[in-house]
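What follows is a set of notes on a single structure, which appears directly below.
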Amino acid sequence: MPTNVTAEYKKAEDAFRKAREPRERLECLREMMRTIPKHKGTEHLQADIKSRIKQLTEELSAPKKGGRRSGPSYVVRAEGAAQVCLVGPPNAGKSSLHARLTGSHTEIGPYPFTTHLPVPGMLPHEDIHFQLVDLPPVSGEFIEPWLGATLQTADAVLLVIDVSDPGCVEQIPALMKRLEEKKVFLREHWPGLHGETGNPPEADDPFRLDLPTLLIANKSDLDPDPGEVEVLKELLGLRFPALTVSAESGAGLEQLGPFLFRALGIVRVYTKAPGKPADQDKPFTVRRGDTVLDVARLVHQEFARDLKFARMWGKGVFDGQQTGPEHPVEDGDVVELHM
Ligand SMILES: Nc1nc2c(ncn2[C@@H]2O[C@H](COP(=O)(O)OP(=O)(O)OP(=O)(O)O)[C@@H](O)[C@H]2O)c(=O)[nH]1
Ligand SMILES: [Mg+2]
C-alpha cells in the first residue's frame, strides 16, 4: 500500500479486488484513478492503473461501425459456478482435456503452440456447471502478452503437465516465473479446503492476483506410475493438490468436478416464490460463508436493495424459518425472498 492513501481510495481498491465483471472492474479502476493521491510516492501505481484502464477499455470497446473489432477478445466473460483456467507448458494436453471435459472443439495438435486464443467451455457437475477456459501454453521462452489480463476473471487454475515428460521439472518453475512477472501467483490454498485466510501479507499490491491451483498430471496412460506426481511435487517443492488423469483414456477425470465443488466451497441455493414449489433445477451458486443477501444479489438488484427477510428450508434451519439478510446459506438450502 502506498503511503497516504485516502479512505476513499482504499474503498475503490477494495471494490476493484472484489469486482469480477470486466465492466465493473473498469469502473473501479477509474474510481481508483480519480481518488488516488497524486504525489511522487504513488507514481508507479498511477501508471499501472492507467495502463490497466487503457487495456480494459480496448478489450471492451464496441465493434467499429460497419466492421469487426480491431482484434479478437482475450477476456472471457465468467459464467457458471466458477471460472477455471487451464494453464501449462506446450503440448501438455490442455486442449485435449478441455475437449473431453466440456465437449468443446478447441484445436488439439501433436505439436506445441496449437492453441492461440482463450476458448471457453462448460464442465457439468451435478446440477451446476464450471466454466473451463482453454489457454495458449506458457513456457520459459514465451507467454502471450495478454494472458495476465485474461486470468483476471479466473477463480482458479488447473496447472496441466505431461507427467511422462521429464522436461516438466524445468517447465513448471519457468512458467510460474513468467506468470509472476505478470503479478499472477499460483497458490496451493483453496478456500473450501483451508478456510479463507485472506491475502498473504505481501499482498499490498492491488494488482497482485493469487489463484488457487490444482496440479493436473496428464497423460498418465503413458506413465502408469501413480507415484510420479508425488515425486515431481517433492522435487519441485510444490504443495498444490494434485489429480492424476489421462485425457486420452479418461482416467481420473471424474474427480475434477467434485474437487472443484469442494475446494471452491460452492454452495447451491434454490429459490422459491411464496406459495409455489422451489425451483429445483436451476440453483444459484454462492460460496461458503455467503448470506441470504448474496443470493438476493444474484436474483435481482431490486431484491438485494429492498430485501426484508427470507423464509428458508434446509439443513441449518427448521422448515420455513424466517431469517435476516445476513443469515449464512448452506448447500441445498431453499430460500424464499421477501421485500
Ligand atoms: N497419450 C496421451 N496423449 C495425450 C493426452 N492428452 C493429450 N495428448 C496428446 O498430446 C498432444 C498435445 O495435446 P493438446 O491437447 O493439443 O495439448 P495443449 O496443451 O493444448 O498444447 P498447446 O495448445 O500447444 O499448448 C496431442 O497429440 C494429444 O493427442 C493423454 O492423456 N495421453
Ligand atoms: Mg492447446
Side-chain angles (χ1 to χ4, degrees), residues 72-76 83-123 130-151 154 156-179 181-182 184 186 211 213-233 236 238 240-257 259:
S73 181
Y74 302 122
V75 174
V76 179
Q83 186 184 66
V84 181
C85 287
L86 279 77
V87 172
N91 234 23
K94 299 177 290 303
S95 300
S96 305
L97 286 166
H98 192 268
R100 180 124 196 178
L101 290 164
T102 71
S104 74
H105 297 288
T106 184
E107 204 182 333
I108 295 166
Y111 41 83
F113 294 94
T114 304
T115 307
H116 296 286
L117 289 171
V119 179
M122 299 307 269
L123 164 71
F130 295 103
Q131 184 183 48
L132 299 188
V133 182
D134 188 20
L135 292 174
V138 179
S139 72
E141 291 72 46
F142 184 74
I143 182 167
E144 297 283 353
W146 45 264
L147 204 78
T150 307
L151 290 172
V157 160
L158 305 183
L159 177 55
V160 182
I161 58 167
D162 172 351
V163 266
S164 72
D165 178 2
C168 55
V169 179
E170 285 96 54
Q171 285 167 342
I172 301 176
L175 166 155
M176 288 175 70
K177 185 158 171 280
R178 277 311 181 112
L179 289 172
E181 285 161 11
K182 295 195 176 293
V184 177
L186 303 185
L211 291 171
T213 300
L214 173 67
L215 185 65
I216 302 275
N218 187 36
K219 306 201 189 181
S220 62
D221 55 300
L222 299 180
D223 189 343
D225 177 3
E228 187 57 29
V229 60
E230 286 311 317
V231 174
L232 259 172
K233 280 173 61 176
L236 291 164
L238 298 173
F240 302 125
L243 290 183
T244 298
V245 306
S246 165
E248 186 79 14
S249 72
L253 294 181
E254 73 292 342
Q255 301 171 70
L256 183 59
F259 175 87

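Ligands are counted one by one from 1 in listed order, and the atoms in each one are counted from 1 as well. Quantities reported herein were computed from a predicted structural model and do not represent experimental measurements.
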Where do Ala154 and Leu211 come nearest, in terms of heavy atoms and distance?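 Where Ala154 meets Leu211 most closely, the heavy atoms are O-CD2, 3.4 Å.
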What's the shortest heavy-atom distance between Gly140 and Ala174, and which atoms?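 For Gly140 versus Ala174, the nearest heavy atoms are CA-CB, 3.8 Å.
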What protein N/O/S atoms are found closer than 2.8 Å to the Mg ion (ligand 2)? Ser95 OG, Thr115 OG1
Enumerate the residue pairs fulfilling salt bridge (charged side-chain N to carboxylate O under 4.0 Å, His left out) with a member in residues 216-227, sequence neighbours excluded, ordered by first and then second residue. Asp162-Lys219
So how far is it from Leu215 CG to Ile161 CD1, rounded to the nearest 0.5 Å? 4.5 Å
What's the spacing between Ile216 CD1 and Leu158 CG if we round to 0.5 Å? 5.0 Å
Residues in the immediate environment of ligand 1 (any heavy atom closer than 4.0 angstrom):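 Heavy-atom contacts below 4.0 Å: Pro90, Asn91, Ala92, Gly93, Lys94, Ser95, Ser96, Ile108, Gly109, Pro110, Tyr111, Pro112, Phe113, Thr114, Thr115, Pro137, Asn218, Lys219, Asp221, Leu222, Ser246, Ala247, Glu248.
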So, using ring-ring contact (aromatic ring centres under 6.0 Å, His included) as the criterion, who are the partners of Phe259 when residues are at least two apart?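 ring-ring contact (aromatic ring centres under 6.0 Å, His included) check on Phe259 returns Trp190.
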Examine distances only and state if a side-chain atom of Ser246 and a backbone atom of Ser220 form a donor-acceptor pair shorter than 3.5 Å. no
For the pair Asn218 (side chain) and Ala92 (backbone), establish whether a donor and an acceptor sit closer than 3.5 Å, ignoring hydrogens and angles.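 Side chain of Asn218 to backbone of Ala92, a donor-acceptor pair under 3.5 Å: yes, one is there.
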Would you say the side-chain atoms of Ser95 and Thr115 include a donor-acceptor pair closer than 3.5 Å?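 The criterion, which ignores hydrogens and geometry beyond distance, is satisfied for Thr115 and Ser95.
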